[in-house]
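First up is the structure itself, then whatever we jot down about it.
No hydrogens, no waters, no symmetry mates; every other heavy atom, side chains included, goes into these values. The chain is numbered in sequence order, starting from 1. Remember, it's 1-based here, ligands and their atoms both numbered in the order they're listed.
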Amino acid sequence: MRKIVIGSRKSNLALTQTDWVIDRLRQAGIDNEIEVKKIVTKGDRILDVTLSKVGGKGLFVKEIEQAMYDKEIDLAVHSMKDMPSTMPEGLVITSIPEREDHRDAFISKGNISLHDLKEGAIVGTSSLRRAAQILAARPDVTIKWIRGNIETRIRKLREEDYDAIVLAVSGLKRVGLSEELITEYLEPDVCVPAVGQGALAIECREDDKELRDLLARINNEYTARTVKAERTFLHLLEGGCQVPIGGYAYLENDTIVLTALVGTPDGKTILKEVVRGTDPESVGREAAEILMKQGAKEIIDQVKEELDQ
Ligand SMILES: NCc1[nH]cc(CCC(=O)O)c1CC(=O)O
């Protein structure tokens, strides 16, 4: 039986996610030897610059993908939301396990809800998507960029002048922090999560048939179908995390219900639609077409132009 080598970033979140996948593989009866190889990515090295300005998504995955081409590793576990919407030649997302909580968490000093924050309160996020939606709900608050891993951001809330921060519930749970820290779960009607938020992507070489057959055992059809709708939408809008785009889909019986969002970073314009259907790609495409008709492309092009300056 062949040994399986998994490449992982060194962050607590990445290693936890990798361990979680290994647990799933074991539960699925896969008892091959498994080795974890730690890789430091460019994204881990440039933590002091706004993520959107240094190239966004690709940053965390590129070096891991090179290791896969070089056969130093066989597979990698990523946060789905960090995956670019197009895959590089020869690599595939072969399996999508069951999704963790998809929501964003609002965490404030003194447990004050988003609605009850005082005027001018400082909310920390480095996501344009979160900034847009927080400002749409509360135009009177100030967004202040915050960087660093989940643990760092929690510490900065405590030690610096932030009144609140927003981060993914899934990330918080995965690094072992208590959900008691959370003031408020932001449902998609308040804050549409990032496409793929809470889900993992297991990536491997396209031609590694033997490994793909093993990994298929931990694919979750519900998550795979809904994430497919979200990513089709993202792909058609050519969005990375450098533009305020959100997408979340769930199933109602067999119907996919996709909430799709594009907004301006100041939150003054929010385009948001709910699309239903059974075929994930059609649902994603329909959402993209509707938002495009409402001016989504113009918003995205303008945000990209501003970032380039
Ligand atoms: N942007 C960084 C990032 N990438 C993945 C997660 C964890 C969330 C997930 O599992 O999707 C986080 C932290 C966050 O958004 O607060």
*Subset of ligand 1 atoms that lie under 4.0 Å from at least one heavy atom of Arg153*: 13 (C), 14 (C), 16 (O)

*Atoms of ligand 1 close to Arg174 [distance to a heavy atom under 4.0 angstrom, numbered from 1]*: 10 (O)

*Which atoms of ligand 1 sit under 4.0 Å from any heavy atom of Gln197?*
11 (O)

*Would you please test Arg2 and Asp208 for salt bridge (Lys or Arg N to Asp or Glu O under 4.0 Å) and show each step?*
CA-CA 12 Å; Arg2 70 182 265 196; Asp208 195 346; 2.8 Å; yes

*Within 6.0 angstrom of Glu119 CD, more than 12 heavy atoms from elsewhere*: no

*So, are Lys272 and Asp189 salt-bridged, with charged N and O less than 4.0 Å apart?*
no

*Do Glu72 and Lys37 sit within salt-bridge range, that is, some charged N less than 4.0 Å from a carboxylate O?*
no

_Which of the ligand 1 atoms, numbered from 1, are nearer than 4.0 Å to a heavy atom of Ser170_ = 8 (C), 9 (C), 10 (O), 11 (O)

_Looking at Gln302, I'd like to know if its CD atom is crowded, meaning that more than 12 non-hydrogen atoms belonging to other residues, nucleotides or ligands lie closer than 6.0 Å._
no

*Between Ser8 and Ile64, which heavy-atom pair has the shortest distance, and what is it?*
C-CD1, 4.3 Å

*Check whether any side-chain heavy atom of Asp31 sits under 4.5 Å from a side-chain heavy atom of Met1, and report yes or no.*
yes

*For ligand 1, which atoms, with element, lie under 4.0 Å from some heavy atom of Leu13?*
6 (C), 7 (C)

*When you look at Asp74 and Lys3, which way does the salt bridge (Lys or Arg N to Asp or Glu O under 4.0 Å) test go after all the steps?*
CA-CA 9 Å; Asp74 299 311; Lys3 172 167 128 182; over 6 Å; no

*asked:* So if I count the atoms of ligand 1 from 1 in the order they appear, which ones are less than 4.0 Å from some heavy atom of Ser79?
replied: 4 (N), 5 (C)

*For Asp82, the ligand 1 atoms whose distance to one of its heavy atoms is below 4.0 Å*: 4 (N), 5 (C)

*Test of proximity, Gly171 against ligand 1: N or O pairs below 3.5 Å*: no

*Would you say Leu167 and ligand 1 have an N/O pair spaced under 3.5 Å apart?*
no

_Residue-level breakdown please: for Leu200 versus ligand 1, do any non-hydrogen atoms fall below 4.0 Å on the side chain, on the backbone, on both, or on neither?_
neither

*Record the part of Arg130 in heavy-atom contact with ligand 1 below 4.0 Å; permitted values are side chain, backbone, both and neither.*
side chain

